[in-house]
Amino acid sequence: MNDYLVQAANLKKYFGETHAVDGVSLQVASGEIYGLVGSDGAGKTTTMRLLVGALKPNEGSIEVCGYDVLRQTEQARSTIGYLSQRFSMYEDLTVLENIRFFAEVRGLSATEWLPRSMEILEFVGLEKFKDRRAGQLSGGMKQKLGLASALVTRPRLLLLDEPTTGVDPVTRQDFWQLVIKLVGAREGDGVSVIISTPYMDEASRCHRVGFMKNGQIIAEDTPSNLRARLNGRVLELRGGPLDVLRRVAHSDADVEDVQAFGDRLHIRVSEGTSKAVLKRLKKEITEAGGHVDELRSVPPGLEDVFIALSDHEYSSVFQPMN
Amino acid sequence: MSLPVIYVENLTRRFGDFTAVDHINFEVNEGEVVGYLGPNGSGKTTTIRMLLGLLAPSEGEATVLGYDVVRQSEEVRARVGYMSQKFAIYDDLTTLENLTFYGGVYGITDKERIAETLNLVGLTGHEHTLTRDLSTGWRQRLSLGIALVHKPKLLFLDEPTSGVDPTARRAFWDLIYQLAEGGVTILVTTHYMDEAEYCERVGVMRDGKLLAMDTPTNLKKSIIKGDVWEVFANPLEQGLEQLHQLDGVERVGLAGDHLRVISSRVKQEAMQSLLVKNNIKVERIERGEPTLEDVFLALAR
């Protein structure tokens, strides 16, 4: 018995000359939060639309909860909740009326929808606001209403397309706590979530992430494993003046990359050289007329990993996919 | 020592009963890259609009490049650049045509200056590309070019790199640092932590108040007093409940496949034994690094 809720193989979608999705394969297990991470135009939204059956792929196959999305589209869809970037709600209807609308469209009967809606409103923390007009909700509450609407049919697979764009960190934190709870809640027939985002701090909350670029997944692993690929190879340097620090760091033979971050530099060194670089860099900087406030090895961030992966010259240090 | 490029004292703006900006004070010096971080509705845009002289303060004062924002707003606006993604780039015009058009708005007709600006933002060779065919990262560079064409001394950037991946964001920021080294002062408003990390100093706004302003490193050190731990345990939710009740734990949250704990005086062993005692499997507990998001959450509570 396979435990994958989503199995997509070699998906391709072309729009004229543009290869929006260019050979994406994806397996998402039950109970997993999978992050599709990349910039606007990398193919995240198109991938989601293919998974939900809203677009037909030029090539490839997709199964969701055992249904072939291309041939059994309706059955497959009944297992999916989808919160699109442009989620729209009826601003002049109340919270409960909005959910009822979504429930009825998805075929929930009159006896089913009310208890289910109340349960889901309680889960997202909107039960006290059920009679408020959607137009009167704050941004964070609107987003929770969107989530509630996507969840009203008890989907096994939840697709969230950049759900936290434009909301503040507190609201975003709350939203993520809900998503993680949702996945943890049902042990046996667990829910899976696929979430898209261009932000690395969000990516780091997923169980597994796929970095997307030009319609392809260029790397896929757990955030911990991705970071581990650069373990011990990222140094943080604070001091001044910045141009001296940058110049000296760049000229070191074991330094592969230097990235400025406001008040500090992140320096990526080649495998096994961090001790040596830590030792000599401070001296070199002082000799060049600069000063070092702090130089230390730091845990690599996903941002460091993404940049290293995009860096053609050095991508050979990573094991090829497959 | 030269005057600060931005000087703000007790700046306040009320709309009826609502105080959008509430007695804020800060200074920005020449060549600094400063972030202004806060959620939508926290007062960021109202502050910028006052600095541009587009909105009168209810109280307090501000000078930009030495000019009073109320009495000398024309002088201010002639010397600052503003970049926002809400700003229209004409899709059916080429890169060069867009830049020429916006240059004209500022009275810049000098072809050389236009070419120089294109070169500055790395768009030389793409003069005749229709802007609709540009990727998000390239469009952001064009927007930057438009904001720079009249050689401003101060640049306001509104979420300049939202929606791009780290590679494109980094290329953009390398340009920004280059400008700052040339003496241009930069104020970036954003609600993205990834973006704020690139600033030399960051101000944190919430509900109209400037809660703190310092370097990212100092903010993390001064606001996050405790240690950050990443606890990989199973089941996570029970772990969350247990650690919540542990004395000395300031914050604990779900972070995907682990718990993120901030605590001032809890030892790793104490967490481990509490979890094990409650039949929660502990895979491992690791040290984490504080983030600007931790800072924001700590200030917001």
Side-chain angles (χ1 to χ4, degrees), chain A residues 33 35 37-42 138-140 162 165-173 176-177 179-181 184-185 187 198-202 204-208 211-213 222-224 236 238 242-243 246 259-264 293-294 298-299 301-307 309-311, chain B residues 33-35 37-42 135-137 161-170 173-174 176-177 181 191-202 206 214-218 230 232 235-237 240 253-258 260 286-289 291-294 296-297 300-301:
Chain A
I33 302 174
V37 182
S39 67
D40 293 353
S138 72
E162 297 193 22
T165 294
V167 306
D168 72 276
V170 178
T171 307
R172 202 163 63 155
Q173 177 82 358
W176 269 94
Q177 305 295 305
V179 171
I180 297 167
K181 276 186 187 157
E187 286 288 316
Y199 295 101
M200 295 300 133
D201 58 340
E202 289 217 314
S204 67
R205 298 169 205 235
C206 299
H207 294 145
R208 214 150 51 93
F211 283 153
M212 274 200 95
K213 209 164 181 146
T222 64
S224 314
E236 185 179 285
R238 284 193 304 115
L242 274 180
D243 54 329
R246 210 175 304 167
Q259 178 175 17
F261 270 111
D263 63 340
R264 62 204 184 278
D293 295 331
E294 192 173 22
V298 291
L302 284 181
E303 183 134 358
D304 299 309
V305 179
F306 194 102
I307 286 171
L309 280 168
S310 309
D311 217 333
Chain B
V33 181
V34 173
L37 174 70
N40 296 341
S42 62
S135 69
T136 310
T161 59
S162 64
V164 301
D165 68 32
T167 332
R169 184 172 308 127
R170 173 198 179 156
W173 279 90
D174 281 344
I176 294 299
Y177 293 139
E181 269 172 35
H191 69 273
Y192 294 109
M193 307 295 153
D194 283 4
E195 211 160 61
E197 288 280 2
Y198 279 93
C199 300
E200 287 166 59
R201 281 198 299 145
V202 177
R206 189 167 158 89
D214 210 333
T215 64
T217 308
N218 286 347
E230 292 178 352
F232 292 79
L236 271 187
E237 277 205 66
L240 176 80
L254 294 164
D257 60 350
H258 63 275
R260 190 169 176 82
E286 291 174 354
R287 269 316 249 286
E289 288 278 314
T291 64
L292 278 181
E293 176 146 28
D294 294 327
F296 192 97
L297 291 172
R301 305 262 151 160

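Proteins come first, then strands; the chains are lettered A, B, ... in the order of their sequence lines, and each starts at number 1. These figures come from a predicted structure and were not determined experimentally.
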For residues [X] and [Y], determine if any side-chain heavy atom of one lies less than 4.5 Å from a side-chain heavy atom of the other.
X: A/Q173; Y: B/E293; result: yes
X: A/S224; Y: B/F232; result: yes
X: A/Q177; Y: B/E237; result: no
X: B/D165; Y: A/F306; result: yes
X: B/D194; Y: A/D201; result: yes

Do B/E197 side-chain atoms and A/F261 backbone N/O form a donor-acceptor pair below 3.5 Å?
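Side chain of B/E197 to backbone of A/F261, a donor-acceptor pair under 3.5 Å: no, none is there.
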
Can any side-chain N or O of A/D263 pair as donor or acceptor with the backbone N or O of B/R201 at less than 3.5 Å?
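Side chain of A/D263 to backbone of B/R201: no pair is present.
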
For [X], which atoms come within 4.5 Å of any heavy atom of chain B: side chain, backbone, both, or neither?
X: A/R238; result: side chain
X: A/S138; result: neither
X: A/E162; result: neither

One pair to check against side chain to side chain contact (heavy atoms under 4.5 Å, CB included): A/E303 and B/R169. What are the steps and the verdict?
CA-CA 10 Å; A/E303 183 134 358; B/R169 184 172 308 127; 4.0 Å; yes

Which region of B/F296, side chain (C-beta onward) or backbone (N, CA, C, O), has a non-hydrogen atom less than 4.5 Å from a non-hydrogen atom of chain A, or is it both or neither?
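The side chain, not the backbone.
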
Sort B/S42 into side chain, backbone, both or neither according to what part of it lies under 4.5 angstrom from a heavy atom of chain A.
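Neither part.
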
For each of B/T136, B/L236, B/T217, tally heavy-atom pairs with chain A at distances under 4.5 Å, and name the one with the top tally.
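Result: the option with the highest number of such pairs is B/T217.
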
On the 0 to 90° scale, with breaks at 30° and 60°, tag the B/Y192-A/Y199 ring pair as parallel, tilted or perpendicular.
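Plane angle under 30°, so parallel.
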
Who wins among [options] for the most heavy-atom pairs under 4.5 Å with chain B?
options: A/C206, A/P299, A/G38, A/G301; value: A/P299
options: A/G41, A/A260, A/G35, A/G139; value: A/A260
options: A/R208, A/E202, A/Q259, A/R172; value: A/Q259

Interatomic distance, [X] atom [atom1] to [Y] atom [atom2] [nearest 0.5 angstrom]:
X: B/E181; Y: A/R246; atom1: CD; atom2: CZ; answer: 5.0 Å
X: A/D40; Y: B/S135; atom1: CG; atom2: OG; answer: 9.5 Å
X: A/R205; Y: B/H258; atom1: CZ; atom2: NE2; answer: 9.5 Å

Salt-bridge criterion met for A/R264 and B/E200 (N-O under 4.0 Å):
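Salt bridge flag = no for B/E200 with A/R264.
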
Who are the salt bridge (Lys or Arg N to Asp or Glu O under 4.0 Å) partners of B/D294, not counting sequence neighbours?
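B/D294 satisfies salt bridge (Lys or Arg N to Asp or Glu O under 4.0 Å) with B/R251, B/R260 once adjacent residues are dropped.
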
State, to 0.1 Å, how close B/G163 and A/P198 come at their nearest heavy-atom pair, and which atoms those are.
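Distance-wise, the nearest heavy atoms are CA-CG, 3.9 Å.
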
Write down the atom of B/A300, the atom of A/V170, and the distance for their closest heavy-atom approach.
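Closest approach of B/A300 to A/V170: CB-CG2, 3.7 Å.
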
